[in-house]
Amino acid sequence: MPSLPMILEPDTLHQHLHDENLLLVDLSGPEHYTEAHIPGAIHVHPRETRGAASPVPGLLPEKAELEQLLGRIGLKPEHHVVAYDDEGGGWAGRFIWLLESVGHRNWSLLNGGRIAWIREGYPTSTEVSEATESSRPALTLDPSTTADLEEVLEAVRAGNTAIWDARAPAEYRGERQSAARSGHIPGAANLEWTEIMDPERNYRLLPEDRLRETLTSLGIEPSKPVITHCQSHHRSGLTYVAARALGYHDVRAYAGSWAEWGNRTETPVE
């Protein structure tokens, strides 16, 4: 199949729906998947992207959990995965981060997701799609996709990394508390995940030039390493993908996010 862009428009996907080696993954809520989904899409519940027993909800699932999930959807190395959800791309982006964390780099985010697909009249199905489970070798995790607590602390000390906080401004300013401490990581720039999507264009990402200009104005520049986070690396699933799609050379998710940082005593807070 031809190479597809990281940010994929619905009309382009429609032209390639029956391509060999295309794997569609729907991260919508179960009720929305049952009601209508893209033909052939396999449903992954958002909670499957999180570890079952992790004390910090955003952390990468255990390797055995990842092997079970990726085996269930029948993922093969030759697959090009197109992920989408019903909310603008947070859960789909987190799933793409999972793929990259196991070294699978052939992916696209459907621009506007389920919202754009349905509003613009593309075909849907109510038939539940299931893959033939694939037996996968033990996964090798790619550490370049994720920053742990110590790496974020070092980035703060060094001051040469752009930290993108995708939470709401009230969370960033400490006016809304969702951990033992409120506020933000020192030096982090705040651009809420909803600010990079356009409701007038069925929740597509902002046009590339506008998004790039907005990020640059906040000091989130392609020349710098970028670490992005939110409360539990759900909303920052979208910001991770956006930075990757813009060609930023070093993008990592702080998967522990504020649920970890704000509940520790040794972490600096502004």
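FYI, the numbering just counts along the sequence from 1. On a predicted model such as this, the values are computed, not experimentally measured, just so you know.
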> Mind checking what makes salt bridge (charged side-chain N to carboxylate O under 4.0 Å, His left out) contact with Arg176, not counting sequence neighbours?
Replying inline: Glu171

> Is atom CZ of Arg210 surrounded by more than 12 heavy atoms (other residues, nucleotides or ligands) closer than 6.0 Å?
Replying inline: no

>> Assess whether a salt bridge exists between Glu35 and Arg114, defined as any Lys/Arg side-chain N lying under 4.0 Å from an Asp/Glu carboxylate O.
In response: yes

> What's the spacing between Glu48 CD and Ile73 CD1 if we round to 0.5 Å?
Replying inline: 9.0 Å

>> In this structure, is the centre-to-centre distance between the rings of His233 and Trp97 below 6.0 Å?
In response: yes

>> Counting neighbours of CD on Glu266 that are heavy atoms of other residues, nucleotides or ligands and sit closer than 6.0 Å, is the number greater than 12?
In response: yes

>> For Trp107, give me all partners under ring pair (Phe, Tyr, Trp, His ring centres under 6.0 Å), at least two apart in sequence or on another chain.
In response: none

> What residues form a ring pair (Phe, Tyr, Trp, His ring centres under 6.0 Å) with His45, not counting sequence neighbours?
Replying inline: none

> Which hydrophobic side chains are connected to Leu59, either touching it within the sub-4.5 Å cutoff or through other members that do?
Replying inline: Val56

> Pairs in or reaching into residues 156-165: which pass side-chain hydrogen bond (donor to acceptor under 3.5 Å, both in side chains), with residues at least two apart or in two chains?
Replying inline: Glu154-Arg157, Asp165-Arg167

> Side chain of Thr124, backbone of Ile38: donor and acceptor closer than 3.5 Å?
Replying inline: no

> Please, which pairs that meet side-chain hydrogen bond (donor to acceptor under 3.5 Å, both in side chains) have at least one residue in residues 219-229, sequence neighbours excluded?
Replying inline: Thr228-Thr239

